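Computed from a predicted model, the values in this text were never measured in an experiment.
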Amino acid sequence: MPRRRQLETNVPWVQLSTTTADWKRADPKLLGTMLSQLHLIRAFEEKVLELAGEGLVHGPAHSSIGQEGGAVGSIVGMRSADGVSGSHRGHHQFLAKALTHVSGGEIDPRALVSGEVRTVLQRTLAEILGLAQGYCRGRGGSMHLQWFEAGALGTNAIVGGGAPFAAGNAFAQKRAGTSDVTVNYFGDGASQIGSILESMNLAAAWELPVGFFIENNLYGVSTHVSEITKDTRLSIRGQGFSVPGWRVDGMDPLAVHLAMEEAIEHMRAGNGPVVVEAEVYRFFHQNGPYPGSAFGYRSKDEEREWRERDPLTKVASEMIALGLITDAEVAQVRADAQAAMNDVAAELIEADPDKAGRNRIRPELWPETDFVNVGVRGDASELDGLTVAEPAAHAGEWRDVKFVDAVAQTMERRMEQDERIVVLGEDVHRLSGGTNGATKGLAKRWPERVLGTPISENAFAGLGGGAALDGRLRPVVEFMYPDFMWVAADQVFNQIGKARHMFGGDSSMPLVLRTKVAMGSGYGSQHLMDPAGIFATSPGWRIVAPSNAADYVGLMNAALALEDPVLVIEHVDLYAKSDRVPEGDLDYVLPPGRAAVRRAGEDVTVISYLSMVDHSLEAIEQTGIDGELIDLRWLDRASIDWDTIGESVRKTNAVLIVEQGSEGTSYGGWLADEIQRRFFDYLDQPVQRVTGQEASPSISKVLERAAIARTEEVVAGLERVRAGFGGTN
């Protein structure tokens, strides 16, 4: 028989509950503040449901009624510099953080509504109604509430989507040398999601001061927690990652507060992340003013039992028993909170003159419609004052270099000049510069700034986003292959790409995402895509795609100076290419809106990027067609050089867009559409395109070559253009 020994995690995991002595020992001001916040949040949520019932809330109304104890108990002791991020059901978390911030952590229930408190209530309600005076200027609404000044990092409509950003904020806090912490709130439904578990692992490995706060309200919409996981004690999730856990009754705000005191002490001491699970209950359905029993998935008896444990009643009864407040005073707190909400709502709505007995939003409070696209990206003014140089016009000395060495040297120069830059990715710190040498020498000089990550793109991409949103760091995230973006699609597109605009247009996102196109390397269907087409149709991202080393320097320098997320695409065919860069400090930039004409011509405008620029030049020479070759360099909608394209189209009256990758995800589709709408009057034939095939490249060398475009396919494309002119040049 084999010998067996029971293994233990040796990670603390405790159930914490309060005693009578805890309530007696509690600071009366703390209890009064909790009672005040609980009533303010409850009255706020009731007003939201009332307005939703009138049809004045555009979109969902995910109320937190019943769950207030978890948010208030956990946040009331935090600093303003501590961060919190929440879920789609996040009004209570946002309000608890904002109220704690403006009140300095103390609210007297007998003087409930100060001017600052009233402003928080009104601006939050305005945001939920989609109005210009809201914290995100009406763009965030109910599910995207952010106020950086108060440490409210943003609530999140993607279940589990906020955890990587929270880890990134904690990463920035730790690197800044503070003892501040970040807490991410999510529910039972999110506790099994990859972004949560990946972030928990990464936070533990790097000992980040981030708390994973689980509001276990038992239901994901209508699905009971017992239906989705074998062990419904959700705080057990931390045990596998050596993360200590606390389990607590979330209907007892003091118990939550005491558990969070211990958890926060653990984080502030530099001991890494924590998990806190609060058992709470939402009194209403997932969305709207009806209880779950109205939809058949909960019983009225169950709802009644939980309502008898209302956190507002719990705190009030304990305070009354201690002689700290009377029944009449509690009733007055309730009345004052409701009156405050009636007052702030009255300033946002008015009687509808066209519908008797109905209300409407005051028309003057809506955002101006011309604000719709403001803040998708910044205006690139941060590049003002930097040295702009066109390498093709360089008249000085040149230095020979391989393209991939120029990549590493450019990053080295920027890291020398900007200590905020950190490099994150799989193996970037090993193998003499990662898998291709693009980070050569960096880890040796800055081992604390070049960090190899777990294989968890979702977590480390989002961590980079959270760190960038904090503003104290400028992350450079590497995806070893662009296909891996699909693993991290939520963080890349829903979070990083949308954050600036979604939260009002002011939040910068200085992040660079590096990746390489590897077509021709034999790595097959899941490693070889060109990501340009996907990113070009996704809001918020800028895209650069250099075709030579000298351009790479200027484009990467610009990317690392911008306050927007920038995708930097490289190509393996260029890495080993013998190239050159201007002699000197490599500090020049190539700003957005700067394409390069690589060859002047009269017959057709050929537009390309990356390695296909060289293939296009070869094809033009082979056919004898007098093509004008434009190297885009900047590919995104906001950065593309329409002036250079337009000048060429007006001259040649024909366009051929050249790219290497698969037809279905190609970049040229949207570009062709835009060119035909902008320059239709100057085109003598439809815009022609060269792409790969519909299939992704295969492992077979023969099938891979058949799937992608190179010089021969560009030659065929040029011949189609020639045929469109009746067979003449």
Side-chain angles (χ1 to χ4, degrees), residues 2 4-16 70 74 85 87 158-171 174 181-218 220 223-248 250 259-260 262-267 269-280 424 426 451-463 466 484 487-488 490-491:
R4 302 170 64 87
R5 178 169 60 88
Q6 185 68 38
L7 298 177
E8 304 288 341
T9 64
N10 296 319
V11 181
W13 182 34
V14 300
Q15 178 92 28
L16 186 149
S74 60
S85 64
S87 68
I158 303 298
V159 174
F165 263 44
N169 196 75
F171 177 73
K174 180 176 181 177
V181 304
T182 301
V183 178
N184 175 236
Y185 292 81
F186 54 93
D188 45 286
S191 298
Q192 292 64 240
I193 284 178
S195 57
I196 298 289
L197 302 178
E198 287 184 27
S199 299
M200 202 176 290
N201 175 66
L202 185 55
W206 291 0
E207 296 184 330
L208 302 180
V210 58
F212 297 90
F213 193 102
I214 307 170
E215 288 185 313
N216 184 359
N217 67 19
L218 304 181
T223 302
H224 193 269
V225 65
S226 63
E227 299 177 74
I228 63 169
T229 185
K230 184 67 173 177
D231 195 333
T232 59
R233 303 169 301 169
L234 303 179
S235 44
I236 200 173
R237 299 291 181 269
Q239 296 294 291
F241 303 112
S242 292
V243 177
W246 285 258
R247 199 161 187 254
V248 65
M260 280 300 292
E262 295 178 7
I264 287 175
E265 181 181 1
H266 175 93
M267 291 188 285
N271 296 319
V274 299
V275 174
V276 178
E277 176 191 2
E279 298 168 289
V280 296
L424 312 170
E426 295 153 359
L451 305 174
T453 65
I455 300 175
S456 55
E457 281 82 5
N458 209 24
F460 70 73
L463 182 143
F484 299 173
V487 180
D490 173 51
Q491 297 302 312

Would you name the heavy atoms of [X] and [Y] that are closest together and state the gap between them?
| X | Y | result |
| --- | --- | --- |
| G162 | S85 | O-OG, 3.9 Å |
| A166 | N184 | CB-CB, 3.6 Å |
| I455 | E426 | CA-OE2, 3.3 Å |
| T182 | A170 | OG1-N, 3.6 Å |
| T232 | E277 | O-OE2, 3.8 Å |
| Q239 | V11 | OE1-O, 3.2 Å |

To the closest 0.5 Å, what do you measure between [atom1] ([X]) and [atom2] ([Y])?
| X | Y | atom1 | atom2 | answer |
| --- | --- | --- | --- | --- |
| R233 | Q15 | CZ | CD | 10.0 Å |
| S191 | D231 | OG | CG | 11.5 Å |
| M260 | M267 | CE | CE | 5.0 Å |

[X] versus [Y]: any side-chain heavy-atom pair under 4.5 Å?
| X | Y | answer |
| --- | --- | --- |
| V183 | V276 | no |
| W13 | I236 | yes |
| I196 | R237 | no |
| Y185 | S74 | yes |

>> When you measure from the side chain of Q491 to the backbone of G161, do you find a donor-acceptor pair of N or O atoms at a distance under 3.5 Å?
In response: yes
> Checking side chain to side chain contact (heavy atoms under 4.5 Å, CB included) against D188, which of L218, L234, T223 comes through?
Replying inline: L234
> Testing N216, I214, V159 for side chain to side chain contact (heavy atoms under 4.5 Å, CB included) with F186, which one passes?
Replying inline: I214
>> Using the ring pair (Phe, Tyr, Trp, His ring centres under 6.0 Å) criterion, which residues pair with F484? Sequence neighbours excluded.
In response: Y481, H527
>> If we count only N and O atoms by modelled type, under 3.5 Å, do the side chains of W246 and E262 hold a donor and an acceptor together?
In response: yes
Please output the side-chain donor-acceptor pairs of residues 197-213 that fall under 3.5 Å, not counting sequence neighbours, one pair per line with the distance.
{"unit_1": "E198", "atom_1": "OE1", "unit_2": "A459", "atom_2": "N", "d": "3.1"}
{"unit_1": "S199", "atom_1": "OG", "unit_2": "S195", "atom_2": "O", "d": "2.6"}

